[in-house]
Amino acid sequence: MSVAAIIVAAGSGIRAGGALPKQFTTVAGLPMVAHSYRVLRAHPAIAEIVIVVGEGQDALARTATGEARLSLGGATRRESVRNGLAALTNRPARVLVHDAARPFVPAAVVDRLLFALDTHDGAVPVLAVADTLVSADGETVDRAPLRRVQTPQAFRRDELLAAHAAWSGPEPTDDAQMVRALGGSVALVQGDPMLDKVTYPEDFAIAEARAQAFGTWEWRSATGFDVHRLAAGEELWLGGVLIPHDRGLSGHSDADVALHALTDALLGTIAAGDIGTHFPPSDPQWKGAASHRFLTHAAGLIAARGGQVSFVDLTLICEAPKIGPHRAAMQARIAELLRLTPDRVSVKATTTEQLGFTGRGEGIAAQASATVRLPAGAPR
Ligand code: CTP
Ligand code: MG
């Protein structure tokens with residue numbers, strides 16, 4: 001039994017306000033619509049997905065979802081769903097209809113809905129009402145028989161098409177009420193607070209918090225290592241700070257070994273090669289280059305994936321100069337370059353007890369680690 005999904009994302013988001021319609025506003029590093037698209041696309045039962053977008057919003061939807069199939073929405077949610085149904089090409093037996101404004105879709109809810117379709121024409125996720133209810137004139141309303149209705153909603157496609165064709169009532173807020181009006185049976189399955197809709201401006205903060213619980217972020221860590229030779233007549237740049245010393249580090253760029261190790265750690269978190277991949281030493285334009293450009297380039301690549309650097313840790317390995325007096329300046333500079341608070345930048349130093357090349361003062365080594373969070377399943 002083939003299953004298709006329609007994500008309606010053609011609303012104007014009037015109640016949410018904001019410069020962009022809410023479904024394209026960034027939540028947890030991704031445009032909101034991308035979250036539900038990603039989960040539905042990954043669901044093994046769903047063969048086809050159409051996202052219904054408003055006039056002129058194709059580019060926003062493309063940026064959000066990459067290769068998704070788009071359809072043009074209508075003036076109401078009902079019309080948008082109808083257009084999405086018309087755009088399905090594979091004559092699926094079953095259709096899920098979902099609001100883009102509900103970014104976090106637990107796969108288990110989709111499973112419950114699809115199972116319920118074995119015995120019903122439709123199925124919707126619902127939650128009991130927790131608060132006491134009163135009418136606007138102060139009459140207590142018995143909450144026991146009431147349920148809050150969410151999406152995705154699942155239907156046998158023929159029943160849903162018939163319900164849309166037959167509808168003549170006032171503008172419905174979901175599809176299940178149209179199917180019921182035509183006599184169809186609609187099962188109520190257990191919903192999930194994750195599915196609550198973003199409707200008002202304050203709902204964005206709730207959605208961000210919900211994203212953490214939903215596991216939308218993928219955490220990654222990676223390491224970097226670098227060595228440069230100490231030579232007379234060179235400036236000593238370490239951790240983005242110019243340090244007075246009798247010798248400096250030599251290399252193609254300014255040879256800031258600390259920033260190079262950090263850059264490689266950042267590139268490692270997105271498996272984007274190493275500093276030499278992006279800034280080949282053979283390329284004359286990087287001769288004498290300030291290494292902060294390498295670091296911010298790597299941070300920019302992470303940001304472009306919707307990621308965030310959470311923490312970096314740096315260890316400098318040398319006998320001299322003493323790092324202690326410069327530690328705070330390095331921490332502040334690296335934090336500035338990565339747009340982090342300094343408490344997210346750790347700078348440490350050690351000697352090698354006068355052993356090896358660092359012990360003999362022939363060069364300085366640095367190792368670094370970086371921890372970043374990336375939107376799980378984001379288009380790479
Ligand atoms: N929707 C749609 N086409 C419409 C109206 C709404 O596709 N003409 C979609 C919205 O994009 C949203 C879902 O239906 O994903 C639920 O609607 P709602 O929360 O009301 O969103 P908006 O209509 O955009 O918001 P508002 O009513 O505050 O303007
Ligand atoms: Mg609306």
Side-chain angles (χ1 to χ4, degrees), residues 4-28 30-41 48-65 68-88 95-106 109-110 113 122 124-127 148-155 160-161 163-164 167 169-179 191-207 210-211 214:
I6 297 166
I7 302 176
V8 284
S12 320
I14 301 294
R15 286 169 291 176
L20 278 179
K22 62 186 176 183
Q23 61 271 28
F24 300 113
T25 302
T26 299
V27 170
L30 289 178
M32 197 191 305
V33 63
H35 288 285
S36 57
Y37 176 68
R38 170 181 72 80
V39 170
L40 295 175
R41 191 186 50 177
E48 180 181 9
I49 302 181
V50 167
I51 303 181
V52 184
V53 298
E55 187 112 46
Q57 295 178 349
D58 281 33
L60 282 168
R62 288 252 166 270
T63 308
T65 60
R69 277 219 350 255
L70 305 179
S71 163
L72 185 61
T76 63
R77 184 185 183 284
R78 179 179 55 86
E79 287 174 37
S80 294
V81 173
R82 195 186 57 198
N83 292 356
L85 278 169
L88 296 176
V95 177
L96 289 159
V97 181
H98 182 61
D99 293 336
R102 304 176 192 269
F104 307 117
V105 185
V109 174
V110 173
L113 292 165
V124 298
V126 297
L127 291 176
R148 296 200 287 128
V149 180
Q150 304 177 311
T151 79
Q153 301 188 346
F155 303 96
L160 184 58
L161 281 172
H164 271 264
W167 183 257
E171 207 49 53
T173 51
D174 77 348
D175 297 279
Q177 55 199 282
M178 292 186 272
V179 169
D192 195 305
M194 283 289 161
L195 282 167
D196 281 353
K197 189 156 67 77
V198 174
T199 304
Y200 298 102
E202 57 269 29
D203 295 339
F204 286 101
I206 298 170
R210 211 176 269 140
F214 192 66

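Order of appearance sets the numbers: ligands from 1, and atoms from 1 within every ligand.
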Q) Going through the distances and angles, do F24 and T63 end up as a side chain to side chain contact (heavy atoms under 4.5 Å, CB included)? A) CA-CA 9 Å; F24 300 113; T63 308; over 6 Å; no
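- Atoms of ligand 1 found under 4.0 Å from any heavy atom of K197, numbered from 1 in the order shown, are 18 (P), 19 (O).
- D175 and R77 are joined by a salt bridge, as a carboxylate oxygen and a charged side-chain nitrogen come within less than 4.0 angstrom of each other.
- Under 4.0 angstrom from ligand 1, there are no non-hydrogen atoms of R102.
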Q: Given side chain to side chain contact (heavy atoms under 4.5 Å, CB included), test I49 with R69 step by step and report yes or no.
A: CA-CA 7 Å; I49 302 181; R69 277 219 350 255; over 6 Å; no
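- Considering only heavy atoms from C-beta on, V97 comes within 4.5 Å of L160 through its side chain.
- Shortest contact from atom 20 (O) of ligand 1 to any protein heavy atom: R15 NH2, 2.9 Å.
- Below 3.5 Å of separation, one finds no N or O of V198 facing any N or O of ligand 1.
- Nearest to atom 7 (O) of ligand 1 among the protein's heavy atoms is A10 N, 2.9 Å.
- Among all protein heavy atoms, the one lying closest to atom 15 (O) of ligand 1 is V8 O, 2.8 Å.
- Heavy-atom neighbours of E171 CD from other residues, nucleotides or ligands within 6.0 Å: above the threshold of 12.
- Annotation: atom 26 (P) of ligand 1 to nearest protein heavy atom, I14 N, 3.5 Å.
- At least one donor-acceptor pair closer than 3.5 Å links the side chain of H35 to the backbone N or O of V27.
- When heavy-atom distances to ligand 1 are checked against a 4.0 Å cut-off, A75 comes that close only through its backbone atoms N, CA, C and O.
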Q: Dump the intermediate steps for side chain to side chain contact (heavy atoms under 4.5 Å, CB included) on V39 and F214, then the final yes or no.
A: CA-CA 11 Å; V39 170; F214 192 66; 4.2 Å; yes
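- Not one N or O on the side chain of S36 forms a donor-acceptor pair closer than 3.5 Å with the backbone of V105.
- For atom 23 (O) of ligand 1, the closest non-hydrogen atom of the protein is G11 CA, 4.0 Å.
- E79 does not count as a contact of ligand 1, since none of its heavy atoms falls under 4.0 Å from the ligand.
- In this structure, G73 falls outside the shell of residues with a heavy atom less than 4.0 angstrom from ligand 1.
- Ranking protein heavy atoms by distance to atom 13 (C) of ligand 1, first place goes to D99 OD1, 3.4 Å.
- Taking every non-hydrogen atom of A101 and a distance limit under 4.0 Å, the qualifying atoms of ligand 1 come out as 15 (O).
- Contact annotation: the side chain of M32 never approaches that of L20 to less than 4.5 Å [non-hydrogen atoms, C-beta and beyond].
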Q) After noting the C-alpha distance and the side-chain angles of L85 and L161, does the key distance pass the side chain to side chain contact (heavy atoms under 4.5 Å, CB included) rule? A) CA-CA 8 Å; L85 278 169; L161 281 172; 4.0 Å; yes
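- The single protein non-hydrogen atom nearest to atom 24 (O) of ligand 1 is G13 N, 2.7 Å, given as residue, atom name and distance.
- Protein heavy atom at the shortest distance from atom 3 (N) of ligand 1 is S80 OG, 2.7 Å.
- Within the structure, the closest approach of T76 to ligand 1 falls below 4.0 Å when heavy atoms are considered.
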